[in-house]
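These notes are about the structure you will find just below.
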Amino acid sequence: MDARPARGGDPDVPLIVRGALRGLRGHAAHDVSRQLADAGRGPLAAHDHDGPRRDRDARRLPVRIGVQPRVQAAGGHGAQRLATPGGVASAPSRGWSRKGRGPGPVDGSGQADGSGTLARMTVRCRIAPSPTGPLHIGTARTALFNLLFARHEGGTFILRLEDTDVARSTAAYEADILSGLHWLGIDWDEGPAMGELAERGPFGPYRQMARLESYRAAVEGLLSRDQAYECFCSTEQLAADRASQEAAGQPPRYIGRCAHLTAEQRAQRRAEHPAPVIRFRIPAGRVGFHDLVRGDVSIDTSALGGDLVIVRSDGTPLYHFTVCVDDATMGISHVIRGEDHLSNTPKHILLFRALGAEVPAFAHLPLILNPDRTKMSKRKSQTAVADYIDQGYIREALINHLALLGWSSGTDDELFSFDDLVERFDLSRVQQGGAIFDRERLDWLNGQWIRRLSDVELVERSLPFLRASLVDAETDSSLPTADDLLPLVPLVRERLPRLDAMGPLVDFLFLDHLSIEPTLLVPKRWDAATTIDALTEARRIIAATGETVFEAEELEPPLRALAETRGWKAGDLFMAIRVALTGRTATPPLFDTMVALGYARTLERLDGARLILDPATSGT
RNA sequence: GCCGCAUUCGUCUAGUGGCCUAGGACACCGCCCUCUCAAGGCGGAGAUCACCGGUUCGAAUCCGGUAUGCGGUACCA
């Protein structure tokens, strides 16, 4: 099945439910879908996209943008290609060793298998988010690492929705997750439909609640082989068991009350308790595996809590079970996930074996932490990707930052585009200890990447933020357009840690009435009289410059001369003018600001400022 | 409680037995640049490599133990 051309998608599809740029009104829909459309063209690597970008009408946002299908490099993504020799050669020393079905990163044995050829492998990774909350930073990071690994190895990246927790899953969260990943440029080769994008991939459906039949069949198999059984214990019984175990200082575990019922007993229980759960038998012994990040790990199954419930009494399957069934049937070769699943891995391995499936390789990523070093949580940190988008972080920075949380290149480089990451990513360089999500570093990266955006790109991405900041302001003028913003880009690009900083930097250009704080108007070393004097003189000089030569180079010399002849510090004079024109003490360079404002409005505001300081001078 | 994993500047990290009197980046401080704010340049401070033993001529790097932290221990994912 080949749904590949569907990449990109119609930007007008309302993909985001609460996503990007929440808070914009009216015009927001265009901007949001525009951002999504941008993301759809492929992640980062801005230089690759400058061309096509200019072809599109960048100056008028409220138009429908035709998004080209993303062109996938070489041979079509999703094609299950052989590993490049380089990919195999770069397999980490913490290599991947397993028997059975050959393909996989090789730890040396593959190269020496005597066949004369490199072991063939098909890397298949997946991210399996649960739509029980908005897209979480940690999920995005895990998705990124899976994608990077898949791309680096020439493999396939799959997205699967784990929505078996029906009580907590919602369509809104699902949309938030899918659109958020898409916005980040984390696009999947196989996965569910999103908006008008069709589902794609040969192993669908990619939504677990649509795969119930497959779980049912798997359960049948386990039951028939006596690897699972019905359990009729009541919640009360189980709670009592747990309580007494706790009292005795024992770890809680299912005691196996229903593990060995006779056929008659089962029939009887079924009659009085028609809704049993199904438990998977956990055999005695140790389960060991080689984690690609942590090395050899081994856990005794007695620590697993007893036979595992895999199907609820209402018949819906549980996570540990579905994840294994799906990973097996979808041919997942590498399970890359958070460290919080490390302890669960033995259960999964047992399940894979019971299912008669190949056990994938595992790589457990370190956790992203709150500042207090606990697992990153909504309570203590900003975890929703949508919130970062709303604050004006750009995907290049988010991706760069996320990649550096737990992975390092081994060089002194700090800035990595998506393509750089794909090229250099290696699981063996993944850190083992958890990493605190450092906002200041993200801010710095964001500034770095904003500075690297083309003018047009910066306008496209920041205009929605500018407009949003002006929506609430009193203004008779219409909101600024891309045309209005474009010439300002050189003045602001170095001053934007985040896109939402655009408003405060240039809003005065689009406001009809400034409200100026009088105390700001008078420079520190000056008094009101001096300020009025200075503003009056400055107005005279600026007016004399004339409208036709209203340029920064023309304005600066005479005003400096004025300061000199009057014995004023140029900085003080400029500050007084600055506040008079903008109402702010921190602005783009003054003379450029005057030019942007224009001759007439500059004089008007100078007059207005004098009025504020001394209404009596209004006649002058 | 039990099981597992982790532990290098405040933070992200480099480091895989001698190149480490531990390197880079963010943040911080100072200087320079400068009309403000930024950006940029230069410099500084900041880590007895959790602790204790061991192996070795030599350990941040290998081994053992301890401590601390985190994670898991559901009819959540």
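Below, chain A is the first sequence line, B the second, and so on; all start at residue 1.
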Atom CD of Glu564(A): over 12 foreign heavy atoms under 6.0 Å: no

Glu246(A) atom CD: more than 12 heavy-atom contacts under 6.0 Å: no

Nearest-angstrom distance, [atom1] atom, [N] to [M]:
N	M	atom1	answer
C28(B)	A60(B)	P	32 Å
U21(B)	U11(B)	P	24 Å
U7(B)	A45(B)	C1'	25 Å
C5(B)	G64(B)	P	12 Å
A67(B)	G23(B)	P	33 Å
A47(B)	A22(B)	P	11 Å
C26(B)	C19(B)	C1'	27 Å
G65(B)	A6(B)	P	14 Å

Can you check the [X] [atom1] to [N] [atom2] distance for me, whole Å?
X	N	atom1	atom2	answer
Met376(A)	U11(B)	CE	C1'	14 Å
Phe437(A)	U13(B)	CZ	C1'	16 Å
His401(A)	A25(B)	NE2	P	16 Å
Asp291(A)	G71(B)	CG	P	18 Å
Leu365(A)	C12(B)	CG	C1'	15 Å
Asp412(A)	G15(B)	CG	C1'	12 Å
Asn370(A)	C70(B)	CG	C1'	12 Å
Ile436(A)	C70(B)	CD1	C1'	12 Å

Give each protein N/O atom lying under 3.5 Å from an N/O atom of nucleotides 4-7 of chain B, with the pair distance.
from: C5(B); atom 1: O2'; to: Arg294(A); atom 2: NH1; distance (Å): 2.7
from: C5(B); atom 1: O2'; to: Glu339(A); atom 2: OE2; distance (Å): 3.2
from: A6(B); atom 1: OP1; to: Gln432(A); atom 2: OE1; distance (Å): 2.7

Please determine, by modelled atom types, if [X] and [Y] share a side-chain donor-acceptor pair under 3.5 angstrom.
X	Y	result
Asp307(A)	Tyr229(A)	yes
Tyr206(A)	Arg126(A)	no
Gln382(A)	Gln391(A)	yes
Ser377(A)	Asn370(A)	yes
Thr322(A)	Arg160(A)	no

Listing time: all N or O pairs from protein to nucleotides 28-30 of chain B that are below 3.5 Å?
none

Return the pairing partner of [N] with a 3.5 Å limit on both distances, Watson-Crick or G-U wobble; otherwise return none.
N	result
A50(B)	U66(B)
C26(B)	G10(B)
C57(B)	G18(B)
G71(B)	C3(B)

Under-4.0 Å side-chain N/O to phosphate OP1/OP2 contact, Arg429(A) with G15(B): yes

Contact list for RNA chain B against residues 245-254 of chain A - heavy-atom distance below 4.0 Å: Gly249(A), Pro251(A), Pro252(A)

5'-most by nearest nucleotide on RNA chain B - Ala303(A) or Trp407(A): Ala303(A)

Sugar-phosphate only, base, or nothing, as touched by Leu367(A) at under 4.0 Å among non-hydrogen atoms: sugar-phosphate

Touch class at under 4.0 angstrom, heavy-atom based, for Gly406(A) against every strand present: sugar-phosphate

His334(A) ring center near Phe145(A) ring center (under 6.0 Å): no

Side chain proximity check, Ser130(A) to Tyr173(A), heavy atoms < 4.5 angstrom: no

Under 3.5 Å: donor-acceptor pair, side chain of Ser462(A), backbone of Leu458(A): yes

For Gly583(A) against Leu520(A), the heavy-atom pair lying closest together: O-CD2, 4.0 Å

Shortest non-hydrogen contact between Met575(A) and Thr585(A), atoms and distance: CE-O, 3.6 Å

Aromatic plane relationship, Phe416(A) with Trp407(A) - under 30° parallel, 30 to 60° tilted, over 60° perpendicular: perpendicular

Under 4.0 Å protein heavy-atom contacts per nucleotide of nucleotides 34-41 of chain B, with B for base, S for backbone only and - for none: -BBBSSS-

Identified side chain to side chain donor-acceptor pair (under 3.5 Å) counterpart of Tyr215(A) within the set Asp326(A), Thr316(A), Thr164(A): Asp326(A)

Please report the interatomic distance [atom1]([X]) to [atom2]([Y]), rounded to the nearest 0.5 Å.
X	Y	atom1	atom2	answer
Leu159(A)	Ile127(A)	CG	CD1	7.0 Å
Tyr388(A)	Leu402(A)	OH	CG	9.5 Å
Glu537(A)	Leu562(A)	CD	CG	6.0 Å

Under 3.5 Å, which protein N or O atoms sit close to an N or O of nucleotides 75-77 of chain B? Give each pair with its distance.
from: C75(B); atom 1: O2; to: Ser313(A); atom 2: N; distance (Å): 3.0
from: C75(B); atom 1: O2; to: Ser313(A); atom 2: OG; distance (Å): 3.0
from: C75(B); atom 1: N3; to: Ser313(A); atom 2: OG; distance (Å): 3.0
from: C76(B); atom 1: OP2; to: Arg312(A); atom 2: NE; distance (Å): 2.7
from: C76(B); atom 1: OP2; to: Arg312(A); atom 2: NH2; distance (Å): 2.9
from: C76(B); atom 1: O3'; to: Arg312(A); atom 2: NH2; distance (Å): 3.2
from: C76(B); atom 1: O2'; to: Asp165(A); atom 2: OD2; distance (Å): 2.3
from: C76(B); atom 1: O2'; to: Arg168(A); atom 2: NH2; distance (Å): 2.7
from: C76(B); atom 1: O2; to: Arg168(A); atom 2: NH2; distance (Å): 3.4
from: A77(B); atom 1: OP1; to: Thr164(A); atom 2: OG1; distance (Å): 2.8
from: A77(B); atom 1: OP1; to: Arg312(A); atom 2: NH2; distance (Å): 3.0
from: A77(B); atom 1: OP2; to: Tyr319(A); atom 2: N; distance (Å): 3.0
from: A77(B); atom 1: O3'; to: Glu162(A); atom 2: O; distance (Å): 3.4
from: A77(B); atom 1: N6; to: His320(A); atom 2: NE2; distance (Å): 3.4
from: A77(B); atom 1: N6; to: Asn344(A); atom 2: ND2; distance (Å): 3.3

Set of residues satisfying salt bridge (Lys or Arg N to Asp or Glu O under 4.0 Å) with respect to Lys380(A), sequence neighbours excluded: Asp372(A)

